[in-house]
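Heads up: the structure comes next, in structure tokens.
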Amino acid sequence: QVQLVESGGGLVQPGGSLRLSCAASGSIDGINAGGWYRQAPGKERELVAALVSDGSTNYADSVKGRFTISRDNGKNTMYLQMNSLKPEDTAVYYCNVGLWVRTGIGLRRSVYWGQGTQVTVSS
């Protein structure tokens, strides 16, 4: 069984920083690819950062230069470092990861969502 736990959200002042973590556990063999999404009240969920299987990254224009997505396969964890936070970054942040899951006949790639973590940027 695979579990995915997000952490690191909270209240921060404008200009501050937070690091979100998305930790996977269970019969897995690393993170293949993933992304961080966010959803603000009354708005649709949007992709803010993506990590491709080859290690390349992509960012929404609104966070480019401020957010950094990364992974540590030794810890089966994906991160989102958020710097220079703005009030408009306030939202619930969700991770979405493609994991290599060990099965009786080898590895299977499966996609999972985190439970979401609240980020509030306010003075």
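All values below were derived from every heavy atom in this structure, side-chain atoms included, with hydrogens, water molecules and symmetry-related copies excluded.
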Which atom of Tyr112 lies closest to which atom of Ser110, heavy atoms considered: CE1-CB, 3.5 Å
Should we count CD of Gln3 as having more than 12 external heavy atoms under 6.0 Å? no
Looking at residues at least two apart in the chain, or sitting in another chain, which of them share a salt bridge (Lys or Arg N to Asp or Glu O under 4.0 Å) with Arg66? Asp89
I need the minimum non-hydrogen distance between Gly9 and Val119, along with the two atoms involved. CA-CG2, 4.2 Å
Acceptor/donor pairs from residues 80-87 side chains to any protein atom, 3.5 angstrom cut, sequence neighbours excluded:
| residue | atom | partner | partner atom | Å |
| --- | --- | --- | --- | --- |
| Gln81 | NE2 | Asn83 | OD1 | 2.9 |
| Asn83 | OD1 | Ser17 | OG | 2.9 |

Approximate separation, where rounding is to 0.5 Å, of Asn96 CG and Leu51 CG: 11.5 Å
Is the shortest side-chain heavy-atom distance between Arg45 and Arg38 below 4.5 Å? no
Hey, mind stepping through Thr120 and Val12 against side chain to side chain contact (heavy atoms under 4.5 Å, CB included) and telling me if it holds? CA-CA 6 Å; Thr120 302; Val12 64; over 6 Å; no
4.5 Å side-chain heavy-atom contact, Val97 and Cys22: yes
Go through the structure and list residues passing ring pair (Phe, Tyr, Trp, His ring centres under 6.0 Å) with Tyr37, not counting sequence neighbours. Trp113
Report yes if the side chains of Thr117 and Tyr94 come closer than 4.5 Å at any heavy-atom pair, otherwise no. no
What is the distance from atom CG of Leu99 to atom OG of Ser27, rounded to the nearest 0.5 Å? 11.5 Å
For residues Leu18 and Gly8, report the shortest heavy-atom separation together with the two atoms involved. CD2-O, 3.7 Å
Quick one: closest heavy-atom pair of Ala33 and Arg109, and the distance? CB-NH2, 4.2 Å
Look only at the side chain of Tyr79 and the backbone of Asp72, and say whether a donor-acceptor pair between them is shorter than 3.5 Å. no
If you look at every heavy atom in Leu107 and Arg102, which pair is closest and at what distance? CD2-CG, 3.8 Å
If you compare all heavy atoms of Lys75 against all heavy atoms of Thr77, which two are closest, and at what distance to 0.1 Å? O-OG1, 2.8 Å
Mark yes or no for whether Glu6, through its side chain, and Ser21, through its backbone, hold a donor-acceptor pair below 3.5 Å. no
Partner of Trp100 under side chain to side chain contact (heavy atoms under 4.5 Å, CB included), chosen from Ile31, Asn76, Asn32: Asn32
Any heavy-atom pair between the side chains of Cys95 and Leu4 that's under 4.5 Å? yes
So do the side chains of Met78 and Trp36 get within less than 4.5 Å of each other, counting heavy atoms only? yes
Is any side-chain heavy atom of Val2 less than 4.5 Å from a side-chain heavy atom of Val101? yes
For the atom pair OG (Ser62) and CD (Glu46), what is the distance rounded to the nearest 0.5 Å? 5.5 Å
Counting only heavy atoms not in Lys64, do more than 12 fall under 6.0 Å of its NZ? yes
